[in-house]
Number of protein chains: 2
Amino acid sequence: MKRDLDIRVAIVEDDETIREGYAFLIGNTSGYKVVGTYSSCEDALKKIVGDDPDVILLDVELPGISGVEAIPKFKKILPDTHILILTVYEQEMLIFRALGNGAAGYLTKNTPPEKIVSAIHEVMDGGGPMSAHIARMVISSFKRNESTPLTRRETEILEQIATGKSRKRIAEELYIDLETVKSHIKNIYHKLDVHSKADAIKAAKDNKFI
Amino acid sequence: MKRDLDIRVAIVEDDETIREGYAFLIGNTSGYKVVGTYSSCEDALKKIVGDDPDVILLDVELPGISGVEAIPKFKKILPDTHILILTVYEQEMLIFRALGNGAAGYLTKNTPPEKIVSAIHEVMDGGGPMSAHIARMVISSFKRNESTPLTRRETEILEQIATGKSRKRIAEELYIDLETVKSHIKNIYHKLDVHSKADAIKAAKDNKFI
DNA sequence: GCCATATTCCCCCAACGCGGGTGATTTGCA
DNA sequence: TGCAAATCACCCGCGTTGGGGGAATATGGC
């Protein structure tokens, strides 16, 4: 089995200097082997299957189809290959889209070489390496806003509404009267200054009340 | 300013051996200072303000109120203090609740001592240290299920429904007819074998289709 | 103990949305 | 040249929604 030998790494990166730099770094680390280097996703998608890589180092900003969009395509033709994003971009949207599309980790390019190498190993071991700043952003995305104007009950009910449940069903599941649920919703709408379910959900999500 | 000197660390952990172990480890590392050790959250919440810690090492499983529940209380009395979870538990629910409540990082107790110390520093630098396995779980939580039975349009419409928008509004925003939206919803319900908004949203979320 | 707040419940109303049935057309990809 | 996806159409009945009142009990924080 190939697993007994080196970890097979493929690199997709448009900047030749960086690409060759990574290839040199990884190629000269024992236990690792560079099996393919590509300057575009189109190119990589055509030929990478033959490389049979364990890990793909992928840039997000590439000419043609972007790295983020290419992730599902790579996963389709190489289901067991892990994808590690390696980029200068720290925009929230890119990060979440990359992770949502199936990336196993997200590193920024200022990551020191030895960390990149250990990140590849970490990915193979089932880890999810992230740069410190990225990790903080990902963690922040879970964080609720502590200074919500909504009471506990109101928050609870708005969460239920956000799951699409009817007021009647919410009343039943919380063991309270339908009229009570209506009252809470009226108060929620007043506090958030909205006049519909959708607007309340949006306002609450934007402000991380739910 | 205190910032010019050592990083002030408080420890909340019920097991005396582990607590003293951490205190010894951190107390004997230059640049760090242990300003308080507590065996329960109740105890800590009463006295920790006087310690003025920069970072709190917090166990999640504690007698009395749990570490997870205590996070918002600590953040309330010490808004600028970072909380670093240090525990043996790797249950998804605990992790997400801890991060959602405002924890800055989540480490498991098998983390080597030098990593714990560097994690404290990372937290102070705006990072979000996580054990490899935890990071993978957090990343996985973003990941969509690629083998969805829903088409693109169906997924798109179900996402809109999940925001609480009415069919009419969805039709307007997607520039299609109300009847078309209804058709898609009918197909979604058939595919997911449900008969209501709420059930469709739940089924789709459980299977990570949206 | 007091007072504000949260939580609970009650009535009214009109308009709109929802779930379900059956069917047809066009578009795009393989 | 099919088949799946996406589009639009018209039928029906019932439930839900948003908004207007008002009011009685917890429940805490000071």
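In what follows, every chain begins at residue 1, and chains take the letters A, B, ... in the order their sequences are listed.
The side chain of A/Arg153 approaches C/dT8 more closely than any other nucleotide in the set C/dG23, C/dT8, C/dC10. Distance from the side chain of B/Arg152 is smallest for D/dA6 among the nucleotides D/dC12, D/dA6, C/dC12. Side-chain atoms of A/His195 lie closest to D/dG18 of the nucleotides C/dA6, D/dA6, D/dG18.
In this structure, CG of B/Asp199 is placed 14 Å from C1' of C/dC18, rounded to the nearest angstrom. Protein atom CG of A/Leu178 is 10 Å distant from nucleotide atom P of C/dC10, rounded to whole Å. C/dC9 atom P lies 14 Å from atom NZ of A/Lys182, rounded to whole Å. The nearest whole Å value for the distance from the CD1 atom in A/Ile176 to the C1' atom in D/dA24 is 16 Å. Rounded to whole Å, atom C1' of D/dA23 lies 14 Å from atom CG of A/Asn187. Atoms CD (B/Glu154) and P (D/dA4) sit 13 Å apart, rounded to a whole Å. Counting to the nearest Å, the C1' atom of D/dT7 and the CZ atom of B/Arg167 are 16 Å from each other. We find that NE2 of A/His184 is positioned 10 Å from C1' of C/dC9, with the value rounded to whole Å.
Remark: B/Ser166 is not in phosphate contact with C/dC18, judged by side-chain N or O atoms under 4.0 Å from OP1 or OP2. Regarding contacts with the backbone of D/dG19, every side-chain N or O of A/Tyr189 stays at 4.0 angstrom or more from both OP1 and OP2.
Side-chain polar atoms of B/Asp199 and B/Ser196 form a donor-acceptor pair below 3.5 angstrom. For A/Asp51 and A/Tyr38, the side-chain atoms include at least one donor-acceptor pair closer than 3.5 Å.
Residue contacts shown for B/Ser196 are limited to sugar-phosphate atoms, with no base heavy atom under 4.0 Å away. At a threshold of 4.0 angstrom between heavy atoms, the contacts of A/Thr180 include nucleobase atoms, whether or not backbone atoms are also involved.
Side-chain atoms of A/Ser66 do not come within 3.5 Å of backbone N or O of A/Leu62 as any donor-acceptor pair.
The aromatic rings of B/Phe142 and A/Phe142 sit perpendicular to each other, their planes meeting at more than 60°, with 30° as the lower class boundary.
Side-chain to base pairing of A/Lys186 with D/dG20: one donor and one acceptor N or O lie within less than 3.5 Å of each other. Judged by distance alone, with hydrogens and angles left aside, B/Lys197 brings no side-chain donor or acceptor close enough to the base of C/dG17 to form a pair under 3.5 Å.
For A/His190 and A/Lys168, each mapped to the nucleotide of DNA chain D holding its nearest heavy atom, the one lying further toward the 5' end belongs to A/Lys168.
Here the side chains of B/Arg144 and B/Thr155 are in contact, with some heavy-atom distance below 4.5 Å.
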